[in-house]
Colleague: 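Before anything else, here's the structure in question.
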Amino acid sequence: MPNFLRLYIIAALCLLLATLVFGVLATWAFLYPETYNEFLPFYQLRPFHVSAALFWIITGALGSIVYYKNTLLPQEKRYNYTERIFIYLWLTTIAAIFLCYAFKKFGGREYWEFPPVLCAPLLVSWLIAMFSYFSDSLVMGKERKPMYIWMWSTGIFFFLLTFIEQNLWQLPWFRYSYLREITVQWKANGSMVGAWNQMIYGTSLFLMVKISGDETIANNKTAFLFYMLGLTNLMFNWGHHIYNVPAASWIRSTSYMISMTEWIFLIRIIQGFKSKLQERKKHRHLITYRFIIASEFWVFMNLLLALAMSIPAINRYTHGTHITVAHAMGTTIGINTMILLGSFSYILDIDYKSSIIKKSISFSYWISQYGLLLFWLSLIGAGIMKAHQATVLNINSFQQIMAPVIPFIKLFSIAGIALAIGIGIIAVIYIYYTFNSTKPIN
Amino acid sequence: MFRSWLALFIAFVIYSCMVYSYCDKRSVSDSIPPPHALAGWKTWQSKNCQACHQLYGLGGYLGPDLTNVTADTNKNEIYFSAFIKYGTGKMPNFHLNDSEINNLISFLYWINKSGKSKVDKEKVTWSGNYNIEK
């Protein structure tokens, strides 16, 4: 494996480890702010955690795409030099972002809490990545493409659009109305999640094709229909973030209507449950496959939650509570992280390693799954308590609202440690094998 | 395939332009922030206030939602000022000067004018949607 591809994987896994460490510290800072305010306050830990998580997902997704795209190219066209420039510039900017956080220099935007000047090198590096990706005939040629190429292309393209949209607030006109500013901000944030999901679900589809050896999975009409449905949701289903904002009502109605198409995904998962069971019996010895199955379980669980939150009458209770956090963390850990860990185990040939390594990963995998379940349920519990206090009982005092929530946050903190241990062990093993990988791209 | 994609993309571009232009139906004079509020907004961002507080339920959950904090008749500018200046056990002291504190308070007054963060029960319609447009 060329060194620059090693760098993609190692950097992504180090960002994952940073996410876990800062995440655990942030839960303690949330519970004991008086102690943490002295040396590492919550308002400093949260950006470290959020940015590390965001960059883990994007770097991991793009690293997987770059790797798989190279496996599909003929030898002489591999290792485009722009792929190297991207990763160096991208990682340097991430290092600068963490340095800003260390010195308490913030930009104060949700998900993008660093000074906005650092958006410029991120934008340039993404344009380089796009140039590298779209300059290949594999992507731009006229022949029919498998659906994972469409998904990767869509994800990479829409990440650029939403990233630019996320920065529109820097134009004075967008700041002249807070309703406009917050609507556009969450339009961009919501669609951006859809964009990276396209990159990651495309990777999951690619892996399923490789595991099963069945190319028709990525070339049939159903795959096309579900891709189009996913794309429609990416474009128009972001309004649940701002249902309570008194912006134009057609924005709310459009999102509500589009979000209800997610029932089709849910019905499809339930319909495919039996065939999945048979498939599972066939492939369950594969570590890569286990991660994909875990992600499908979490898609189901989070889809139930998303459907509930998309109904404004229910959103009235869940908005601004930890149920929103459960959904955000449930999807980024349960879906995105699981698929990316599955992708890395495929790249690193983990299924061909010694049985002790496979047993260690398997053991850590189960710790992370049970840890995540407890983590997710405790957040939902915290959210229900907060909704009950704030919306049902209509209590105004913040102290009173939070009093019954805190025990759930303590449980969440313990589950977070288990989750961090489980995923952390897997990440460390993968880093070790990436350093020592002698595997050629094939 | 590409045609379907393009049709959807065109719909997306048109919808995005509509969102930018028409999401806020208030007149410009009603929505535009006064200079102090604009300066307060900068302080809000540079001190990363949204990491702990929410506006319209969006942000961190360590502190309360501040969208309509200035609408509370039991609290006044002196109260807000003291709170921000000295911090509390949970909220650190950010060592802001008086001008920064006043700007921050102006920002919160301006946010309050934009609408209510909490949706009243009566605003929920038969379809499960709300009717809260300004």
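In the text below, chain A, chain B and the rest are named by the order of the sequence lines, each starting its count at 1.
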Colleague: Any side-chain heavy atom of A/Trp28 within less than 4.5 Å of one from A/Leu45?
Modeller: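 No - every pair of side-chain heavy atoms lies 4.5 Å or more apart.
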Colleague: Which answer fits A/Thr183, side chain, backbone, both or neither, if we ask what part of it has an atom under 4.5 Å from a heavy atom of chain B?
Modeller: side chain
Colleague: Answer with side chain, backbone, both or neither: which region of A/Val245 has an atom nearer than 4.5 Å to a non-hydrogen atom of chain B?
Modeller: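 Both parts, backbone and side chain.
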Colleague: Do the non-hydrogen side-chain atoms of A/Phe412 and A/Ile380 ever get within less than 4.5 Å of each other?
Modeller: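 When only atoms from C-beta onward are counted, A/Ile380 and A/Phe412 do not touch, as no gap falls below 4.5 Å.
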Colleague: Among A/Gln399, A/Lys104, A/Lys187, which residue has the highest count of heavy-atom pairs closer than 4.5 Å to chain B?
Modeller: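 Going by pairs under 4.5 Å, I would pick A/Lys187.
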Colleague: Does A/Leu25 reach the side chain of A/Phe48, with side-chain heavy atoms less than 4.5 Å apart?
Modeller: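 Side-chain contact under 4.5 Å: no.
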Colleague: Can a donor-acceptor pair be found between the side chains of A/Tyr256 and B/Ser127 at a distance below 3.5 Å?
Modeller: no
Colleague: Less than 4.5 Å apart, any side-chain heavy atom of B/Tyr56 and any of A/Leu179?
Modeller: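 Yes, close enough: below the 4.5 Å cut-off.
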Colleague: Would A/Phe114 and A/Phe106 count as a side chain to side chain contact (heavy atoms under 4.5 Å, CB included) here? Give the steps.
Modeller: CA-CA 5 Å; A/Phe114 46 85; A/Phe106 301 111; over 6 Å; no
Colleague: Between B/Gln45 and A/Gly107, is there a donor-acceptor pair closer than 3.5 Å when you use the side chain of the first and the backbone of the second?
Modeller: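 Answer holds: yes.
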Colleague: Walk me through it: do B/Asn103 and B/Phe107 pass the test side chain to side chain contact (heavy atoms under 4.5 Å, CB included)?
Modeller: CA-CA 6 Å; B/Asn103 290 339; B/Phe107 170 67; over 6 Å; no
Colleague: Applying a heavy-atom distance below 4.5 Å, give me the residues of residues 80-95 of chain B that approach chain A, sorted by number.
Modeller: B/Gly89, B/Lys90, B/Met91, B/Pro92, B/Phe94
Colleague: Answer with yes or no after comparing the ring centroid distance for B/Phe9 and A/Phe157 against a 6.0 Å cut-off, counting only values under it.
Modeller: yes
Colleague: Heavy-atom distance under 4.5 Å to chain B: side chain of A/Ile182, backbone, both or neither?
Modeller: side chain
Colleague: For chain B, which of A/Arg144, A/Glu38, A/Arg180 has the most heavy-atom pairs under 4.5 Å?
Modeller: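 Top count of heavy-atom pairs under 4.5 Å with chain B: A/Arg180.
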Colleague: Side chains of B/Trp44 and B/Leu66, heavy atoms from C-beta outward: is any pair under 4.5 Å?
Modeller: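 B/Trp44 vs B/Leu66: side chains touch.
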Colleague: Counting heavy-atom pairs under 4.5 Å to chain A, which of B/Thr125, B/Asp72, B/Val19, B/Leu58 comes out on top?
Modeller: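 Option with the top pair count is B/Leu58.
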Colleague: Do A/Glu165 and B/Tyr20 have a side chain donor and acceptor closer than 3.5 Å?
Modeller: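 There is such a pair (donor and acceptor under 3.5 Å, judged by atom type) between the side chains of A/Glu165 and B/Tyr20.
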Colleague: For the pair B/Leu104 and B/Ile101, evaluate side chain to side chain contact (heavy atoms under 4.5 Å, CB included) and give the outcome as yes or no after the intermediate values.
Modeller: CA-CA 5 Å; B/Leu104 205 46; B/Ile101 291 170; 5.6 Å; no
Colleague: Side chain, backbone, both or neither: which part of B/Trp41 has a non-hydrogen atom closer than 4.5 Å to chain A?
Modeller: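 It is the side chain, since no backbone atom gets that close.
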Colleague: Give, as side chain, backbone, both or neither, the part of B/Asn68 having an atom under 4.5 angstrom from any heavy atom of chain A.
Modeller: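 B/Asn68 has no heavy atom closer than 4.5 Å to chain A.
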Colleague: What residue, out of A/Trp186, A/Phe174, A/Tyr36, A/Trp173, has the most heavy-atom pairs lying under 4.5 Å from chain B?
Modeller: A/Trp186
Colleague: Please state whether the side chain, the backbone, both or neither of B/Ser16 comes within less than 4.5 Å of a heavy atom of chain A.
Modeller: both
Colleague: With a 4.5 angstrom heavy-atom cut-off, is it the side chain or the backbone of A/Asn244 that approaches chain B, or both, or neither?
Modeller: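 Both backbone and side chain.
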Colleague: Pick one of side chain, backbone, both or neither for A/Phe224, based on which atoms fall under 4.5 Å of a heavy atom in chain B.
Modeller: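 Just its side chain gets close to chain B.
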Colleague: Are the side chains of A/Trp112 and A/Asn189 in touch, meaning some heavy atoms are under 4.5 Å apart?
Modeller: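 Yes, at least one pair of side-chain atoms sits under 4.5 Å.
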Colleague: Looking at B/Tyr61, B/Tyr15, B/Trp110, B/Tyr22, which has the largest count of heavy-atom pairs under 4.5 Å with chain A?
Modeller: B/Tyr61
Colleague: Name the region of B/Val124, side chain, backbone, both or neither, that has any atom closer than 4.5 Å to a heavy atom of chain A.
Modeller: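 The answer is the side chain of B/Val124.
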Colleague: Based on non-hydrogen pairs under 4.5 Å, which of A/Glu34, A/Glu113, A/Arg316 is most in contact with chain B?
Modeller: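 Of the options given, most contacts go to A/Arg316.
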Colleague: Is there a side-chain contact between A/Ser413 and A/Leu31 (heavy atoms, below 4.5 Å)?
Modeller: yes
Colleague: Tell me, for A/Ile314 versus chain B, whether the close heavy atoms (under 4.5 Å) come from the side chain, the backbone, both or neither.
Modeller: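 The answer is neither part of A/Ile314.
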Colleague: What residue, out of B/Lys42, B/Gln54, B/Lys121, B/Lys47, has the most heavy-atom pairs lying under 4.5 Å from chain A?
Modeller: B/Lys121
Colleague: Any idea which of B/Leu62, B/Val119, B/Thr67, B/Asp65 has the most non-hydrogen atom pairs under 4.5 angstrom with chain A?
Modeller: B/Leu62
Colleague: Among B/Ser117, B/Cys23, B/Ser4, which has the most heavy-atom pairs under 4.5 Å with chain A?
Modeller: B/Cys23
Colleague: With only heavy atoms counted, which part of A/Ile242 is less than 4.5 Å from chain B, the side chain, the backbone, both or neither?
Modeller: side chain
Colleague: Is B/Ile111 in contact with chain A via its backbone, its side chain, both, or neither, using a 4.5 Å heavy-atom distance?
Modeller: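 Looking at B/Ile111, just its side chain touches chain A.
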Colleague: Taking the side chain as every heavy atom from C-beta outward, state whether A/Phe226 and A/Met147 have any pair of such atoms under 4.5 Å apart.
Modeller: no
Colleague: Contact part of A/Phe398 toward chain B, heavy-atom cut-off under 4.5 Å: side chain, backbone, both or neither?
Modeller: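 For A/Phe398, side-chain heavy atoms alone lie under 4.5 Å from chain B.
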Colleague: Is the CD1 atom of B/Ile78 crowded by more than 12 outside heavy atoms at less than 6.0 Å?
Modeller: no
Colleague: Could you give the distance from CH2 (B/Trp5) to CG (A/Leu231), rounded to the nearest 0.5 Å?
Modeller: 7.0 Å
Colleague: What class does the angle between the rings of A/Trp150 and A/Tyr227 fall in, given that below 30° is parallel, 30 to 60° is tilted and above 60° is perpendicular?
Modeller: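 It falls in the tilted class, 30° to 60°.
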Colleague: Relative to chain B, which segment of A/Ser253 carries a heavy atom at a distance below 4.5 Å: side chain, backbone, both, or neither?
Modeller: both
Colleague: Test A/Phe158 against A/Gln198 for side chain to side chain contact (heavy atoms under 4.5 Å, CB included), laying out the working first.
Modeller: CA-CA 9 Å; A/Phe158 270 91; A/Gln198 286 280 339; over 6 Å; no
Colleague: Please classify the contact of A/Ile409 with chain B as side chain, backbone, both or neither, using a heavy-atom distance under 4.5 Å.
Modeller: neither
Colleague: Heavy-atom distance under 4.5 Å to chain B: side chain of A/Met257, backbone, both or neither?
Modeller: neither
Colleague: Check each atom of A/Lys386 against the heavy atoms of chain B and say whether the ones under 4.5 Å are side chain, backbone, both or neither.
Modeller: side chain
